[in-house]
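Worksheet: the structure to be examined is printed underneath.
Just so it is clear, the values below take in all heavy atoms, side chains as well, and ignore hydrogens, waters and symmetry mates. The model shown is predicted, which means the values in this text are computed figures rather than measured ones.
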Amino acid sequence: MTRVDWHTYFMNIARQAATRSTCDRKHVGAVIVRDRTILSTGYNGSIRGMPHCDDVGHLMENDHCVATVHAEANAIIQAAKNGVRIDEAEIYTTASPCWNCFKLIANAGLRTVYFGEFYRDRRSIEIASQLGIELVDLSQAGSLDSQ
């Protein structure tokens with residue numbers, strides 16, 4: 001068996017985190033990493049203590065379920081809850097961040113966003129370079145053996 005590269009390793013963990021998602025409209029997972037060490041993970045799901053979309057249905061606005069907290073936000077929240085510094089870290093997410101999650105990523109000090117598929121919103125792509133945040137589309141990489 002061939003050992004996978006770091007991007008594949010962390011994206012595989014993000015995909016595994018996505019299996020915990022409780023909104024069946026989109027399963028998304030995220031992993032925050034610094035120096036090849038996992039700092040936090042997250043997946044999209046309902047507010048703690050609230051029923052899951054999978055169980056009670058969706059709260060829809062503009063063709064988007066707003067009952068869930070997104071994977072990126074949950075990973076940032078989990079780090080904060082546990083006192084883990086994520087400034088200057090990287091995030092791997094199975095789908096590119098929505099505008100709200102991108103704003104959280106930027107303000108949390110994350111410097112690189114690796115994503116597995118493009119999802120809806122191009123604003124983050126347009127603003128990232130102005131902020132010095134690198135966005136890396138791993139779906140375009142045939143082989144991720146570069147690191």
Side-chain angles (χ1 to χ4, degrees), residues 4-48 50 52-54 56-82 84-147:
V4 298
D5 63 272
W6 288 105
H7 292 310
T8 302
Y9 173 70
F10 292 126
M11 190 56 75
N12 284 345
I13 293 170
R15 287 186 187 107
Q16 189 63 40
T19 67
R20 292 283 306 152
S21 293
T22 62
C23 182
D24 55 10
R25 289 183 48 84
K26 185 85 174 160
H27 290 207
V28 180
V31 178
I32 299 176
V33 175
R34 185 186 315 101
D35 298 327
R36 298 182 176 166
T37 300
I38 295 171
L39 304 175
S40 184
T41 64
Y43 55 87
N44 58 319
S46 298
I47 298 169
R48 238 176 245 253
M50 296 296 292
H52 303 302
C53 298
D54 290 356
V56 297
H58 303 281
L59 177 58
M60 299 299 293
E61 289 180 8
N62 299 322
D63 195 37
H64 192 75
C65 180
V66 296
T68 61
V69 178
H70 290 186
E72 303 93 327
N74 271 326
I76 292 167
I77 292 164
Q78 194 65 28
K81 187 175 178 187
N82 290 308
V84 176
R85 186 180 71 83
I86 59 172
D87 190 42
E88 300 295 321
E90 307 169 326
I91 188 167
Y92 287 79
T93 182
T94 57
S96 61
C98 71
W99 178 239
N100 285 327
C101 286
F102 178 78
K103 292 185 290 185
L104 295 174
I105 287 166
N107 278 4
L110 298 172
R111 304 314 316 153
T112 307
V113 178
Y114 297 98
F115 61 92
E117 69 173 274
F118 176 75
Y119 181 68
R120 292 188 185 208
D121 201 331
R122 299 199 63 79
R123 280 181 287 194
S124 57
I125 294 171
E126 296 162 6
I127 299 298
S129 63
Q130 294 177 40
L131 299 174
I133 297 172
E134 185 179 6
L135 292 176
V136 180
D137 183 350
L138 293 180
S139 71
Q140 302 302 313
S143 172
L144 300 175
D145 293 327
S146 62
Q147 289 194 355

Separation between CD1 of Ile91 and OG of Ser40, rounded to the nearest 0.5 Å: 8.0 Å
Criterion side chain to side chain contact (heavy atoms under 4.5 Å, CB included) on Asn100 and His70, from CA distance to verdict: CA-CA 9 Å; Asn100 285 327; His70 290 186; over 6 Å; no
Any donor-acceptor pair under 3.5 Å from Thr22 side chain to Ser46 backbone: yes
Nearest-0.5 Å distance that lies between atom CD in Glu126 and atom CZ in Arg123: 9.0 Å
Separation between SG of Cys53 and CZ of Arg25, rounded to the nearest 0.5 Å: 9.5 Å
CG (Asp35) with more than 12 external heavy atoms under 6.0 Å: no
Neighbour count >12 (heavy atoms, 6.0 Å) for atom CZ, Arg20: no
Residue list, side chain to side chain contact (heavy atoms under 4.5 Å, CB included) with Glu134, at least two apart or on another chain: Thr112, Val136
Rounded distance (nearest 0.5 Å) linking atom CG of Leu110 with atom CD1 of Ile86: 4.5 Å
Backbone N/O of Asp54 and side chain of Asp24: donor-acceptor pair under 3.5 Å: no
Non-hydrogen atoms of Asp87 and Gly109 that approach each other most closely: OD1-CA, 3.4 Å
Geometric class of the Tyr9/Trp6 ring pair [parallel <30°, tilted 30-60°, perpendicular >60°]: perpendicular
Closest approach of Arg111 to Gly132 (non-hydrogen atoms, all atoms of both residues): NH2-O, 3.0 Å
Flag side-chain contact, heavy atom, 4.5 Å: Tyr92 against Val33: yes
Interatomic spacing from CG in Leu138 to OG in Ser96 - rounded to 0.5 Å: 11.5 Å
For the student: nearest non-hydrogen atoms of Ala73 and Cys101, plus distance: N-SG, 4.2 Å
N/O donor-acceptor pair under 3.5 Å between Asn44 side chain and Val28 backbone: yes
Pairwise distance CG(Asn74) to CD1(Ile47) - rounded to 0.5 angstrom: 10.0 Å
Side chain to side chain contact (heavy atoms under 4.5 Å, CB included) assessment of Ile125 paired with Phe102: CA-CA 9 Å; Ile125 294 171; Phe102 178 78; over 6 Å; no
Residue Met60 excluded, over 12 heavy atoms near CE under 6.0 Å: yes
Whether Thr93 side chain and Phe115 backbone form a donor-acceptor pair below 3.5 Å: no
Parallel, tilted or perpendicular, as decided by the 30° and 60° cut-offs, for the rings of Tyr114 and His7: tilted
With sequence neighbours excluded, residues passing salt bridge (Lys or Arg N to Asp or Glu O under 4.0 Å) with Glu117: Lys26
Heavy-atom closest contact (Arg34 atom, Ala89 atom, distance): CB-CB, 4.1 Å
Non-hydrogen atoms of Ala30 and Ala75 that approach each other most closely: CB-CB, 4.3 Å
CD/Gln16: more than 12 non-hydrogen atoms of other groups inside 6.0 Å: no
Backbone of Gly29 reached by a side-chain donor or acceptor of Thr94 within 3.5 Å: yes
